[in-house]
Amino acid sequence: MFRYLVAGFLLTTLAFADVGIGTAQAEKVRIKHDGLTLNGELNIVEGKTLKDGVVLVVHGTLAHSGMGTIKNLTDVLAERALNTLAITLSLGVDDRHGMYDCKVAHRHRHLDALKEIEAWMAWLQTRGAGDVVLFGHSRGGNQAARYAAELGHILLKRLVLLAPANWDETRAAKGFERNHGQPLSAALEKARALVKAGRSSEIMKGMGLLFCRGADVSAESFVSYYQPDLRFDTPSILNEIKVPTLVIAGGKDTVVRGLAEQVEGLADGSRLQLTVIDDAGHFFLDLLAEDVADAMEAFLSPGG
């Protein structure tokens, strides 16, 4: 089904739930970070503990730890005796569950995710976790890659990026205008002007953000997602990442287009590996989660 293409702060956090070490049941875990309650789902495989290591899983745009792509994968990884901690990014909302409610004004920023990943890494360290594999899907893939490249952690040993976001300025502008009915340049100019005037938190009514059409959004939030920045393009930062990295691309992905071609020339088969799952779209649903797990299992095995 898939083919390998090889070219070769410390934050203090407070846990609200005891972890069911040695069970096969998913355990809800909550920590405090920056005045917000963050939620995660920890699955420790029967007979194992956190000392055996864990895959820390980050979801995509405005999503959550229970979305199909993430839930399917964590279930399959459990079958392969891999512990997982799937987190839900707060997106600025206390104790957030489920998909982001587009009726709620957006005040979150793209890079807020890095500090939240760091908070979970610190929590894992306090719980005596072993090696951590950081996993990110889609926008979460870009955020995971940015974390590995820009922050990192002593526990972080490997990185897996599933259809990580890539970026092109022209394509981003066209996508915004198509979704929100106005030129990105004018919207971004307005947001930048507010930030420059010290009014970053001011809400731009009905501006729209990401797939939330007509949503209210702060100027600072808008700039964080739409300011032209090559680092939105995950392949452009792969060479900065020191831990072994696996990129998994979907052969039929119409969201992250051209990813395999971007990564193929960078992959060396060791520090950076690429797997293409030919039949997969962007979300790797149903049995395609098995192919993702197979690729991860091979990558994580000794000598992988």
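Just so you know, these numbers use all the heavy atoms, side chains as well, and skip hydrogens, waters and symmetry mates.
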Linking Ile, Leu, Val, Met, Phe, Trp and Tyr through side-chain heavy atoms less than 4.5 Å apart, which residues share a cluster with Phe232?
Trp167

Cluster membership besides Leu230, Ile/Leu/Val/Met/Phe/Trp/Tyr side chains within less than 4.5 angstrom, sorted by chain and number, is none

Tyr226 vs Phe222 aromatic rings, parallel, tilted or perpendicular, using cut-offs 30° and 60°?
tilted

Quick one: does [X]'s side chain have a donor or acceptor within less than 3.5 Å of a partner on [Y]'s backbone?
| X | Y | value |
| --- | --- | --- |
| His137 | Thr61 | no |
| Arg213 | Asn179 | yes |
| Arg96 | Gly98 | yes |
| Asn166 | Arg257 | yes |
| Asp94 | Leu36 | no |
| Asp291 | Leu288 | no |
| Asp253 | Val255 | yes |
| Asn43 | Asn83 | no |

Does the gap between the ring centers of Phe176 and Tyr225 come in under 6.0 Å?
no

Below 6.0 angstrom between ring centroids: does that apply to His108 and Tyr100?
yes

Considering only NZ, NE, NH1 and NH2 on the basic side and carboxylate oxygens on the acidic side, decide whether Glu290 and Arg80 come within less than 4.0 Å.
yes

Taking Arg158 first and then Asp131, would you say they form a salt bridge - that is, a charged N and a carboxylate O separated by under 4.0 Å?
no

Is any side-chain heavy atom of Phe135 closer than 4.5 Å to one of Leu246?
no

All pairs passing disulfide (SG to SG under 2.5 Å) where residues 254-302 contributes a residue, at least two apart
none

Contacts of Asp112 that satisfy salt bridge (Lys or Arg N to Asp or Glu O under 4.0 Å) - sequence neighbours left out
Arg109

With sequence neighbours left out, what residues match Arg231 under salt bridge (Lys or Arg N to Asp or Glu O under 4.0 Å)?
Glu150, Glu240

Hydrogens and angles aside, do His110 and Asp229 bring a side-chain donor and acceptor to less than 3.5 Å of each other?
no

Residues in side chain to side chain contact (heavy atoms under 4.5 Å, CB included) with Ile241, at least two apart?
Ala145, Ala148, Ala149, Leu159, Leu238, Val243, Thr245

